[in-house]
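One structure below.
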Amino acid sequence: MRLHYLRSLSLRRVLVSFVTILSVNSCLMPTGNMRQTDEKTTGRNPNIVIFYVDDLGYGDVGYNGAIGVKTPVVDRLAKEGIVFTDAHTTSATCTPSRYSVLTGQHAFRNNAAILQGDAPLLIQPGSYTLPGMLQKAGYRTGVVGKWHLGLGNGSIDWNSDIKPGPREIGFDYSFLLPATGDRVPTVYVENHRVVNADKNDPIVVNYEEKLDGYANGLDSPNLLRQGADKQHSNSIINGISRIGYMKGGKAALWVDEEFPDVLTDKAKRFIQAEKDKPFFLFFSFHDIHVPRLPNPRFKGKSTMGPRGDAIAQMDWMTGEVIAELKKQGLADNTLVIFTSDNGPVISDGYDDRAMELLGNHKPGGPMRGGKYSAYEAGTRVPTVLWWPGKVKPGTSKALVSQVDLYASFAALVGQPLADNEAIDSQNLLTTLLDHTKPGRTWLLEESYTTSLRKGDWKYIEPFPKEKRLPDFMANKGVEGGFQHTPQLYDLSTDIGEKRNVSTENPAIVASMQAEIEAIRKKTKRSPVP
């Protein structure tokens with residue numbers, strides 16, 4: 001498969017005002033062994049790389065106490081960069097979190113939820129986006145990996161141009177898993193086309209009715225390499241049953257075990273192609289999402305079976321991209337964010353023995369809950385900022401959200417924002433680049449209800465009695481925290497959210513509920529409070 005880059009946008013020189021340069025430089029704290037930046041990057045805006053791992057919990061990395069798996073690459077980034085101990089996704093599930101990173105808005109503003117594999121594009125062309133903003137500042141932009149933000153207008157023909165998609169909302173290049181590994185279609189989409197598509201074997205996808213294509217898990221369990229729950233028991237591809245039905249496209253089918261090599265290669269090729277210009281790479285991992293089928297060379301790299309081995313694989317992928325940055329002489333002029341899209345989940349539809357082999361490992365660290373949950377482990381995720389020679393290593397306890405990357409990066413590159421652009425994003429550039437600086441005073445967390453952090457207080461809004469959780473939640477083994485009465489926790493003394501103190505603090509409950517309502521009514525970006 002070849003990497004194709006369209007050069008449709010004219011290259012623009014980056015003009016950053018003197019005031020902006022001074023303000024940004026005042027945030028940069030060089031280390032004692034600061035290296036000289038390669039001449040070809042001198043005087044230009046930094047490259048930006050986001051490693052966006054899937055379902056990686058706070059405790060799933062070595063520097064946060066992982067047991068049974070080693071993450072030497074991520075640990076080195078943590079040692080050399082800034083570790084954030086109170087950094088959050090905006091949501092406890094993946095589609096909403098991705099939406100917020102790329103738009104600077106909370107997902108509820110667009111009713112963003114977990115999408116089917118054939119859902120229409122969630123972010124409409126013409127919307128303000130992070131890659132679009134960076135394009136205006138002269139950046140080349142690329143996304144590689146899991147997408148899960150929808151494609152097309154609602155009726156996708158997988159055998160012709162698939163758009164709108166990432167290229168219509170600010171990305172110059174895209175190489176995607178259209179949705180997730182556990183959903184059809186199980187093909188790669190590069191820019192607007194399915195890779196290796198064969199017009200004589202057209203792809204058909206249906207999420208409502210069974211197709212006379214690939215066998216399905218319910219009817220042919222003898223063909224499965226891993227058992228699966230009913231939700232994940234439709235079309236069988238590569239010995240794994242998926243969500244949804246598919247037929248055709250045999251030559252285009254992916255092999256799950258090849259994800260690390262295919263996706264990492266595409267990320268490296270993007271860097272190679274764009275090394276002479278500022279670039280933004282959104283490297284969106286499939287790991288450690290289900291189905292967990294790490295490459296055979298990572299088998300046994302952990303004591304936790306496929307889930308742990310997938311963590312080791314993720315660490316290797318991260319290292320390969322960091323090595324490419326160094327090889328190209330770009331590391332000292334590249335700001336790297338390493339983080340996850342939501343908290344951890346152990347059992348998520350497939351029988352890969354993840355629960356059985358967990359041992360003493362604590363994926364959520366000391367926090368309660370996980371993916372899907374209103375508790376802290378649902379959104380508090382491992383987060384590191386690495387920028388060699390530009391930031392002083394350290395640990396930050398600042399309260400920060402991924403939604404703030406948009407406004408912070410805009411400040412970094414000197415790009416002004418409209419009042420109605422990225423309305424939930426705060427410029428926390430100083431906080432991101434200096435571990436001694438404070439962060440937010442409040443932070444919204446979405447799950448199947450809404451939570452609010454204010455300092456050490458954590459408030460969980462009552463789950464409406466008339467609402468119903470998705471049926472699949474019953475099989476996840478995650479403490480959701482969805483109660484019909486208010487919950488209030490003091491995280492300074494109760495990080496595990498075990499003691500609900502809402503009845504003792506009615507004024508705090510009322511104040512935090514009112515703040516949630518005010519956030520919901522917000523229509524313009526406001527300064528950091």
Side-chain angles (χ1 to χ4, degrees), residues 49-85 87 89 94 144-146 177 181 256-268 271 281-327 331 334 336-346 352 354 357-365 371 381-388 393:
V49 175
I50 298 178
F51 290 110
Y52 210 55
V53 189
D54 202 310
D55 292 354
L56 187 73
Y58 186 90
D60 277 329
V61 289
Y63 75 83
N64 275 341
I67 298 174
V69 64
K70 295 182 178 180
T71 57
V73 173
V74 173
D75 293 351
R76 181 169 181 179
L77 296 182
K79 182 179 180 180
E80 297 175 351
I82 298 177
V83 171
F84 293 88
T85 62
T89 67
C94 54
V144 173
K146 172 182 168 179
L177 278 63
D256 305 68
E257 291 87 345
E258 295 176 357
F259 284 168
D261 296 309
V262 172
L263 299 180
T264 302
D265 180 67
K266 292 297 180 182
K268 291 164 69 173
I271 291 169
L281 172 62
F282 186 58
F283 191 14
S284 179
F285 290 59
H286 177 262
D287 291 330
I288 53 175
H289 196 280
V290 294
R292 300 164 186 138
L293 296 168
N295 189 280
R297 67 180 183 272
F298 296 99
K299 184 176 182 180
K301 292 296 184 181
S302 78
T303 62
M304 294 184 285
R307 185 176 187 274
D309 295 348
I311 294 174
Q313 176 172 278
M314 172 278 300
D315 189 72
W316 174 85
M317 294 170 68
T318 304
E320 285 293 294
V321 175
I322 294 296
E324 186 64 35
L325 291 172
K326 292 179 177 179
K327 178 181 177 181
T334 301
V336 172
I337 296 284
F338 175 91
T339 190
S340 176
D341 67 347
N342 49 245
V345 60
I346 310 306
D352 60 6
L357 298 173
L358 190 62
N360 294 321
H361 178 68
K362 298 183 183 303
K371 182 178 181 179
V381 293
T383 302
V384 175
L385 186 145
W386 182 80
W387 193 357

Residues in ring-ring contact (aromatic ring centres under 6.0 Å, His included) with Phe283, at least two apart? Phe285
Which residues satisfy the salt bridge (charged side-chain N to carboxylate O under 4.0 Å, His left out) test with Lys301, sequence neighbours excluded? none
Judged by atom type as modelled, is there a donor-acceptor pair below 3.5 Å linking the side chain of Thr383 to the main-chain atoms of Val381? yes
Is there a donor-acceptor pair closer than 3.5 Å between any side-chain N or O of Asn342 and the backbone N or O of Lys371? no
side-chain hydrogen bond (donor to acceptor under 3.5 Å, both in side chains) against Lys362, all qualifying residues, sequence neighbours excluded: none
By salt bridge (charged side-chain N to carboxylate O under 4.0 Å, His left out), Lys146 pairs with (sequence neighbours left out) Asp54
Considering all heavy atoms, the nearest Asp287-Met314 contact: OD2-N, 3.9 Å
Kindly indicate whether the side chain of Thr264, heavy atoms from C-beta on, has any atom under 4.5 Å from the side chain of Trp316. yes
Using the rule salt bridge (charged side-chain N to carboxylate O under 4.0 Å, His left out), only one of Lys268, Lys327, Lys266 pairs with Glu320; which is it? Lys268
Decide side-chain contact (heavy atoms from CB on, under 4.5 Å) for Val321 and Val336; before the verdict, give the C-alpha distance in whole Å, the side-chain angles of both, and the deciding distance to 0.1 Å. CA-CA 11 Å; Val321 175; Val336 172; over 6 Å; no
Heavy-atom closest pair (Leu281 atom, Ala267 atom, distance to 0.1 Å) is CD2-CB, 4.0 Å
Sequence-distant partners of Ser302, side-chain hydrogen bond (donor to acceptor under 3.5 Å, both in side chains), two or more places apart: Asp309
Give, for atom CD of Glu258 and atom CG of Leu293, the distance between the pair rounded to the nearest 0.5 Å. 12.0 Å
List in chain and number order the residues that pass side-chain hydrogen bond (donor to acceptor under 3.5 Å, both in side chains) with Asp341, two or more places apart in sequence or in another chain; answer none if no residue qualifies. Arg98
Which residues pass the side-chain hydrogen bond (donor to acceptor under 3.5 Å, both in side chains) test with Glu257, sequence neighbours left out? Arg225, Asn238
Within a strict 4.5 Å, meaning less than it, do heavy atoms of the Thr318 and Leu77 side chains meet? yes
Report the C-alpha separation of Ile322 and Trp386 in whole Å, then their side-chain angles, then the decisive distance to 0.1 Å, and conclude whether the side-chain contact (heavy atoms from CB on, under 4.5 Å) test is met. CA-CA 10 Å; Ile322 294 296; Trp386 182 80; 3.8 Å; yes
Leu56 side chain near Ile288 side chain, heavy-atom distance below 4.5 Å: yes
Which heavy-atom pair separates Leu177 from Leu263 by the least distance, and what is that distance? CD1-CD2, 4.0 Å
Exercise: identify the closest heavy-atom pair between Pro294 and Pro306: CG-O, 3.9 Å
With the side chain counted from C-beta on, respond yes when Ser340 and Thr89 share a heavy-atom pair under 4.5 Å apart, and no when they do not. no
What are the two closest heavy atoms between Ala331 and Trp387, and how far apart are they? O-CD1, 4.3 Å
With sequence neighbours excluded, tell me which residues meet ring-ring contact (aromatic ring centres under 6.0 Å, His included) with Tyr58. none
Roughly how far, to the nearest 0.5 Å, is the CG atom of Asn360 from the CD1 atom of Ile67? 5.5 Å
Any side-chain heavy atom of Thr71 sitting closer than 4.5 Å to one from Tyr63? no
Under the rule for ring-ring contact (aromatic ring centres under 6.0 Å, His included), what residues qualify as partners of His286, not counting sequence neighbours? Phe259, His289
Taking only residues at least two apart or on different chains, which pairs with a member in residues 67-78 satisfy salt bridge (Lys or Arg N to Asp or Glu O under 4.0 Å)? Arg76-Glu80
Examine distances only and state if a side-chain atom of Thr339 and a backbone atom of Val53 form a donor-acceptor pair shorter than 3.5 Å. no
Heavy-atom side-chain proximity of Tyr52 to Phe282 below 4.5 angstrom: yes
Under the side chain to side chain contact (heavy atoms under 4.5 Å, CB included) test, residues paired with Pro363 that sit two or more places apart: Asp60, Arg307, Pro344, Ile346, Leu358, His361
Heavy atoms only: give me the nearest Pro291-Asp256 pair and the separation to one decimal. CG-OD2, 3.9 Å
Looking at residues at least two apart in the chain, or sitting in another chain, which of them share a side chain to side chain contact (heavy atoms under 4.5 Å, CB included) with Asn295? Pro260, Asp261, Arg297, Phe298, Gln313
